[in-house]
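One-based numbering, in listed order, for ligands and for the atoms of each. All values below come from the heavy atoms of this structure, side chains included, with hydrogens, waters and symmetry mates left out. Every value quoted in this text rests on a predicted model; they were computed, and no experiment measured them.
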Amino acid sequence: MSLPLIPAAKPIIGDDERAAVDRVLRSGMIAQGPEVKAFEAEFADQLVAGRQCVAVNSGTSGLHLGLLAAGIGPGDEVIVPSFTFAATGNSVALTGATPVFADIEPDFFCLDPASVRASITERTKAIMPVHLYGHPAAMVELRAIADEFSLLLFEDAAQAHGAQLNGAPVGSFGDFAMFSLYPTKNMTSGEGGMVACASDQIARNVRLLRNQGMETQYANELVGFNARMTDLHAAIGRVQLTKLAGWTEQRQTNAGLLDAGLGGLAGVTIPPVHDDAVHVYHQYTIRVAGDRNRIVQALREEHGVGSGVYYPIPNHRLPSLEKYAPGLDLPRTEEAAQQVISLPVHPSLTTGDLERIVAGVVAVVKAGS
Ligand SMILES: *Cc1c(COP(=O)(O)O)cnc(C)c1O
């Protein structure tokens, strides 16, 4: 293989991030402190219309603490998609509640409101959609269902920093929303998560749970975790936040070029965007009709194009989570899990890279038809 591999994802870490970390190291105060506080305020302003934000050590911690803060626990059911990263269902299970897996709608890969409605029981406490790949879930319909049945509504916005629906940012719809800051996400703090909260009470509870249940030192009010973000991580996140809008625009431009190149290709479905939505393309995910493994392999070996399959096994069939859904059949989830390929769309791609990705997909798909 002579062509250099175009990676499926590429975190961008520059001199600004290095300088910020160095500044914190030199300050001698590296655990949670003023940088975390500033990061929370800046994130709130820039991304979630001023909702209170609480930074934690990972996105998964953010989901777990958010659910606990909202009162989710044993005996409760929370409706989640199965077509997502396992952290979504894991976080529900970790509270002692039961994740109930619903199907996705066929276009945007997100929770199908009709399937959610059909999954409601007397124990249902909440709905937690995922804005998968950076496309907002159907929050208007899900909010209507939540209100009709007096359910809480949460958002797994791990992949969707800056995405919008009807002009409002994701993270401003649910009782709480979690954004992941893992390196492959649209922005990073190294590891980390941000919880955007609709109420002072949920925000206070997340803060307590983050820090051993303490607001006042050594006056622990509840049994909590150490899920604090360090100032080192927050300093990286603050720099990345200033660059996010530009990176998002570049992702959208890249997606437009992939759309133009692949739009008419038989055997490939490009990712649609809802009329009311702004997609931030954490992933650019196509569906293919042909043999997916062959396509993924040929892209890499013959064209130097990396790609990813997110996610090959629906969560309700994972050994870890299948006990919550014995015998469940989610046909659209199964179909997506067999068909999806995510192509590189990250902001470091050159025009030449994008041309190579398009040419590679066209050649590989045509060769298989
Ligand atoms: C990345 C991700 C998470 C977990 O975030 P971490 O920061 O890796 O813990 C949760 N849900 C989804 C959909 C994700 O993509």
Task: T184, D156, V56, L181: member with heavy atom nearest to atom 11 (N) of ligand 1 - done: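 Closest candidate by heavy-atom distance is D156.
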
Task: Proximal candidate to atom 15 (O) of ligand 1 [heavy atom criterion; set E191, H282, Q159, M178] - done: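 The nearest heavy atom belongs to Q159.
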
Nearest protein heavy atom with distance in Å, relative to [atom]:
{"atom": "atom 10 (C) of ligand 1", "result": "A87 CB, 3.5 Å"}
{"atom": "atom 5 (O) of ligand 1", "result": "S180 OG, 3.3 Å"}
{"atom": "atom 12 (C) of ligand 1", "result": "A158 CB, 3.4 Å"}
{"atom": "atom 2 (C) of ligand 1", "result": "K185 NZ, 2.7 Å"}

Aromatic rings [X] and [Y]: how do their planes relate, parallel, tilted or perpendicular, breaks at 30° and 60°?
{"X": "F101", "Y": "H316", "answer": "tilted"}
{"X": "F179", "Y": "H161", "answer": "tilted"}
{"X": "F39", "Y": "F43", "answer": "perpendicular"}

Task: Structural part of T60 in contact with ligand 1, heavy atom criterion under 4.0 angstrom - done: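 The answer is both.
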
By number and element, which atoms of ligand 1 are closer than 4.0 Å to a non-hydrogen atom of [X]?
{"X": "S58", "result": "7 (O), 9 (O)"}
{"X": "V130", "result": "13 (C)"}
{"X": "T84", "result": "13 (C)"}

TODO: Could you pull out all residues at least two apart from T230 that satisfy side-chain contact (heavy atoms from CB on, under 4.5 Å)?
DONE: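 Result, side-chain contact (heavy atoms from CB on, under 4.5 Å) vs T230: L232, H233.
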
- [ ] Begin with the C-alpha distance, continue with both residues' side-chain angles, and end with the deciding distance and a verdict on salt bridge (Lys or Arg N to Asp or Glu O under 4.0 Å) for K243 and E17.
- [x] CA-CA 11 Å; K243 301 181 177 173; E17 284 85 348; 3.4 Å; yes

Task: Sub-4.0 Å heavy-atom contact, G192 with ligand 1 - done: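 Right, G192 reaches ligand 1.
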
Open item on the list: When you compare the side chains of R228 and Q32, does any donor N or O come within less than 3.5 Å of an acceptor on the partner?
Closed with: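 Result is no, nothing qualifies.
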
- [ ] State whether the side chain of S61 and the backbone N or O of N57 hold a donor-acceptor pair below 3.5 Å, judged by distance alone.
- [x]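 Checked: no pair found.
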
TODO: Without swapping roles, check the side chain of Q283 against the backbone of G134 for a donor-acceptor pair under 3.5 Å.
DONE: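 No; judged by distance alone, with no hydrogens or angles, the pair does not exist.
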
Task: Close N or O approach (G59, ligand 1; < 3.5 Å) - done: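 Yes, G59 has an N/O under 3.5 Å of an N/O on ligand 1.
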
